[in-house]
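Just below is one structure, and these are the notes that go with it.
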Protein chains: 2
Amino acid sequence: MVGLPARGKTYLAQKICRYFKWQGVSARVFNVGDYRRQNYGAAQPHSFFDPTNPEGQRQRNDVAKLALEDLIQWLEKPDSSVAVYDATNSTRDRREWIVQRCSQSTVPIETIFIESICEDASIILENIKAVKLSSPDYANEQDPDRAARDFQKRIHHYEVQYETISDEDDLTYVKLINVGSLVVLNHIQGYLQSRVVYYLMNVHITPRCIFFSRHGESMYNVSGKIGGDAVLSPRGEEYSSALPKLVRDNLKDQPMTVWTSTLRRTIQTAQELNYPKLQWKALDELDAGLCDGMTYEEIEKKYPEDYANRDKDKFTYRYRGGESYHDVVLRLEPIIMELERQSNILIIGHQAVLRCILGYFMNLSIQDIPYLRIPLHTLIKLTPRAYGCDEERFRVKIDAVDTHRPKPGATDGPEKDGEVPVLPSMAE
Amino acid sequence: MVGLPARGKTYLAQKICRYFKWQGVSARVFNVGDYRRQNYGAAQPHSFFDPTNPEGQRQRNDVAKLALEDLIQWLEKPDSSVAVYDATNSTRDRREWIVQRCSQSTVPIETIFIESICEDASIILENIKAVKLSSPDYANEQDPDRAARDFQKRIHHYEVQYETISDEDDLTYVKLINVGSLVVLNHIQGYLQSRVVYYLMNVHITPRCIFFSRHGESMYNVSGKIGGDAVLSPRGEEYSSALPKLVRDNLKDQPMTVWTSTLRRTIQTAQELNYPKLQWKALDELDAGLCDGMTYEEIEKKYPEDYANRDKDKFTYRYRGGESYHDVVLRLEPIIMELERQSNILIIGHQAVLRCILGYFMNLSIQDIPYLRIPLHTLIKLTPRAYGCDEERFRVKIDAVDTHRPKPGATDGPEKDGEVPVLPSMAE
């Protein structure tokens with residue numbers, strides 16, 4: 001990353017990392033600020049960052065080096081793919097040093113510089129308020145105004161030395177100017193690089209909400225069968241009628257688009273919602289192949305080995321003639337890209353598909369995604385924040401069967417009525 | 001499009017158009033050169049393009065206007081989506097005029113300028129030789145050197161007036177400099193715009209070949225069943241053993257990667273090929289849903305209405321619980337993007353999937369894609385050229401069943417042994 005403080009570097013670094021990890025590409029952020037806090041303490045006054053302060057300068061070089069060495073060591077491990085070096089890297093010398101050091105690694109490392117430039121003072125101030133004042137750097141500072149003033153002085157120390165990327169023709173770089181309104185790409189090549197760039201082009205910071213709901217209870221849910229294209233049960237129909245008010249209460253008068261799969265149970269659930277609608281084949285439920293239309297008991301009886309294998313590694317287990325969770329993640333990638341681009345969206349989906357999408361937004365490990373609790377007759381509201389999402393859940397008082405199967409060995413009993421399950425990084 | 005002559009504008013315009021049409025988005029190129037040839041004849045000397053020639057200037061303005069009026073009229077039709085205005089548009093005034101005129105349309109038109117800048121004289125000369133000398137403009141010129149000199153003088157007339165896009169901050173634009181080694185994006189937003197840009201980032205002009213083959217004959221082919229995950233028949237195994245030599249004869253010693261689906265018949269067909277291999281779930285055969293494992297006769301008996309509907313509109317017909325050709329095209333989009341980026345590739349695939357991929361490269365209409373002939377035991381070699389692909393087919397002398405079902409009413413009998421079917425734009 002390249003850029004002055006409060007230009008969204010950490011925001012982008014985290015998002016890139018989350019995007020790759022979700023697709024099964026190992027990725028990790030190395031934040032130099034974390035190394036500084038760990039080695040020299042969090043509560044440093046702005047003078048620590050003054051380029052004319054030799055002691056601060058030395059200590060900051062030390063932690064930059066420590067972080068880069070850890071990063072290279074990590075990339076040299078066999079399964080590592082994408083490391084993000086999250087620091088200001090705001091001088092040409094510093095960037096040369098990074099390229100130089102990476103070229104000496106025992107594995108080939110492609111470097112790509114992502115520079116974020118922002119000239120809009122209001123966006124910078126918003127960022128300082130949203131992220132910096134609650135950072136450990138200001139944990140001991142009671143007065144937010146004093147903290148903001150100190151941070152602006154810190155920025156100023158960097159501005160004195162800052163050299164934007166220019167005439168560095170050999171570097172591979174992306175320059176994002178004013179939150180992507182102008183983008184400059186140099187020497188972008190290869191699969192991962194072009195994925196990063198396309199992703200960065202689609203990310204925005206305009207406030208919005210994303211709603212999720214499974215379809216209402218279906219006749220297959222009632223009989224314990226998986227897959228198929230069943231219609232709603234009478235209780236599922238009740239949920240479909242209750243949904244419009246629940247959505248309106250939470251969305252107010254804002255515009256929204258409803259996305260469903262091409263299966264009847266989601267289309268039926270959306271039928272009373274008075275918003276523009278879109279059907280996506282990519283939102284169809286995980287394809288259970290030969291097991292489509294069977295109950296778990298029937299699968300266990302007919303394919304006992306498959307059943308056992310699925311419990312061993314549910315994320316990569318692929319149903320005979322069907323899909324794995326990993327397959328679903330790959331086909332959902334265009335959905336994630338479109339969700340990043342869009343404003344308010346409500347997705348009426350299916351258990352496995354919504355697990356994958358929520359797994360992306362909540363930064364779950366791919367091992368946890370197949371066990372995420374997403375009960376029927378529950379509306380989930382995600383609100384993207386600086387470094388993650390707030391999650392709220394609204395349970396409608398219409399009974400439905402519990403389709404969750406806990407991880408074998410986990411002490412995770414059947415869900416109790418009215419209990420709202422808690423996600424790792426849940427807001428409430 | 002924006003750029004001097006011979007900067008690949010028409011190449012990019014055609015590719016963008018083909019990419020969208022393949023996905024079912026209506027797109028059309030309006031080439032001002034075509035209007036010039038139609039209205040004032042093809043054989044114009046370079047002096048026609050001299051900006052100090054008032055008559056040439058007037059006539060060129062006329063055809064630019066005619067083309068833009070037709071373009072706007074076309075975009076005003078209900079189902080039109082993407083129009084490409086293929087001309088030099090090399091002055092600021094001309095670009096202002098385009099934006100201005102589009103803003104007066106009865107439908108909202110978003111304009112995006114794609115400027116191609118090339119400073120590499122060898123690429124420009126290559127382009128002149130590959131495309132311009134065989135253009136109708138030089139049909140009457142016997143001497144290629146004289147034609148090249150005339151064309152270079154024509155370029156010079158444009159250079160005198162040329163204004164690259166700069167300080168036109170309100171424009172939405174992409175600048176591609178030296179075949180995409182530097183890319184500048186301004187105000188790119190919206191789905192279609194970001195798709196165009198990502199696509200342009202992945203296109204390259206390095207020579208290479210793409211090979212295609214269906215899997216060897218499978219046990220399901222022999223029994224007339226569709227779908228499934230059958231292994232190869234003895235004749236299919238023979239094909240698998242014959243393939244390595246056939247590929248080597250055509251590829252020579254160049255590097256290549258083999259892509260297969262995740263189904264056994266393609267993996268088995270690739271097993272004796274000594275190249276790096278990749279399995280793609282997205283290359284799996286069209287999912288026939290409830291009809292998987294049935295013969296066409298069984299489908300006709302069990303689902304007579306579906307069977308009839310499929311023949312009516314085979315591209316959009318979706319099997320119950322399965323996929324349509326259109327669904328397959330949408331899930332193949334990442335494959336196409338990756339094929340654009342890659343060098344030599346051999347895809348061992350399935351009938352419907354290869355029809356869709358070849359349909360993209362051969363610019364077939366979506367109505368024709370489901371009826372494209374791709375027989376078993378045949379290697380297809382595509383060589384991308386300036387404005388399309390050359391196609392060669394190599395039939396291996398190992399018998400196989402014919403799985404082609406002609407369009408109802410078409411006089412398209414069963415394929416004869418040894419006859420190489422002819423594609424619209426086939427080379428041999």
Side-chain angles (χ1 to χ4, degrees), chain A residues 169-178 180-191 193-195 197-204 227-229 262-264 279-282 284-285 287-290 292-293 318 320-324 326-331 333-334 337-338 340-342, chain B residues 169-178 180-191 193-195 197-204 227-230 262-264 280-282 284-285 287-290 292-293 318 320-324 326-331 333-334 337-338 340-342:
Chain A
D169 290 347
D170 291 343
L171 292 191
T172 293
Y173 63 80
V174 189
K175 288 171 86 123
L176 303 163
I177 300 160
N178 292 329
S181 72
L182 177 64
V183 180
V184 182
L185 312 175
N186 194 54
H187 289 315
I188 299 299
Q189 49 196 357
Y191 181 69
Q193 289 185 8
S194 73
R195 296 303 311 170
V197 168
Y198 185 54
Y199 181 71
L200 290 173
M201 275 169 52
N202 282 296
V203 163
H204 69 78
D229 191 13
T262 66
L263 296 168
R264 289 188 289 182
Q279 287 179 25
W280 293 83
K281 180 83 184 162
D284 280 5
E285 183 55 317
D287 179 0
L290 297 182
D292 189 84
R318 180 181 286 154
R320 293 182 185 210
E323 290 179 304
S324 65
H326 191 212
D327 293 331
V328 172
V329 158
L330 295 181
R331 79 157 139 96
E333 197 276 341
M337 201 63 92
E338 191 58 17
E340 286 291 352
R341 287 187 1 79
Q342 287 287 341
Chain B
D169 290 347
D170 291 343
L171 293 191
T172 293
Y173 64 79
V174 189
K175 287 170 90 123
L176 302 164
I177 300 160
N178 292 329
S181 72
L182 178 65
V183 181
V184 182
L185 312 174
N186 194 54
H187 289 315
I188 299 299
Q189 49 196 357
Y191 180 70
Q193 289 184 7
S194 74
R195 295 304 310 170
V197 168
Y198 185 55
Y199 181 71
L200 290 173
M201 275 169 50
N202 282 297
V203 163
H204 68 80
D229 191 13
T262 68
L263 296 169
R264 290 189 289 182
W280 293 83
K281 181 82 184 165
D284 281 5
E285 183 55 317
D287 179 0
L290 296 183
D292 189 84
R318 181 181 286 155
R320 292 184 184 207
E323 292 178 302
S324 66
H326 190 214
D327 292 332
V328 172
V329 159
L330 296 180
R331 77 156 140 97
E333 196 276 340
M337 201 63 91
E338 190 59 15
E340 287 290 353
R341 287 190 356 84
Q342 286 287 341

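Just so it is clear, the structure is predicted and the values come from calculations on it, not from any experiment. In the text below, chain A, chain B and the rest are named by the order of the sequence lines, each starting its count at 1.
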Heavy-atom contact with chain A under 4.5 Å, split by part of B/Asn202: side chain
Can you sort out the partners of A/Asp292 under salt bridge (charged side-chain N to carboxylate O under 4.0 Å, His left out), two or more places apart, ordered by chain and number? none
What are the two closest non-hydrogen atoms of B/Arg341 and A/Ser194, and how far apart are they? CD-OG, 3.9 Å
Any side-chain heavy atom of A/Tyr173 within less than 4.5 Å of one from B/Leu182? yes
Do A/Val197 and B/Met201 touch side chain to side chain, with heavy atoms closer than 4.5 Å? yes
Examine whether an atom of A/Asp287 lies under 4.5 Å from a heavy atom of chain B, and if so say whether it belongs to the side chain, the backbone or both; otherwise answer neither. side chain
With sequence neighbours excluded, what pairs up with B/Tyr198 under the side-chain hydrogen bond (donor to acceptor under 3.5 Å, both in side chains) test? A/Arg195
Are side-chain heavy atoms of A/Val183 and B/Ile188 found at a separation under 4.5 Å? no
Given the options A/Arg331, A/Lys175, A/Arg318, A/Glu323, which has more heavy-atom pairs under 4.5 Å with chain B than any of the others? A/Arg318
With a 4.5 angstrom heavy-atom cut-off, which part of A/Asn186 approaches chain B: side chain, backbone, both or neither? both
I'd like to verify something: which residue of A/Leu330, A/Asp169, A/Thr262 has the highest number of heavy-atom pairs under 4.5 Å with chain B? A/Thr262
Contact origin within A/Glu338 toward chain B - heavy atom pairs under 4.5 Å: side chain
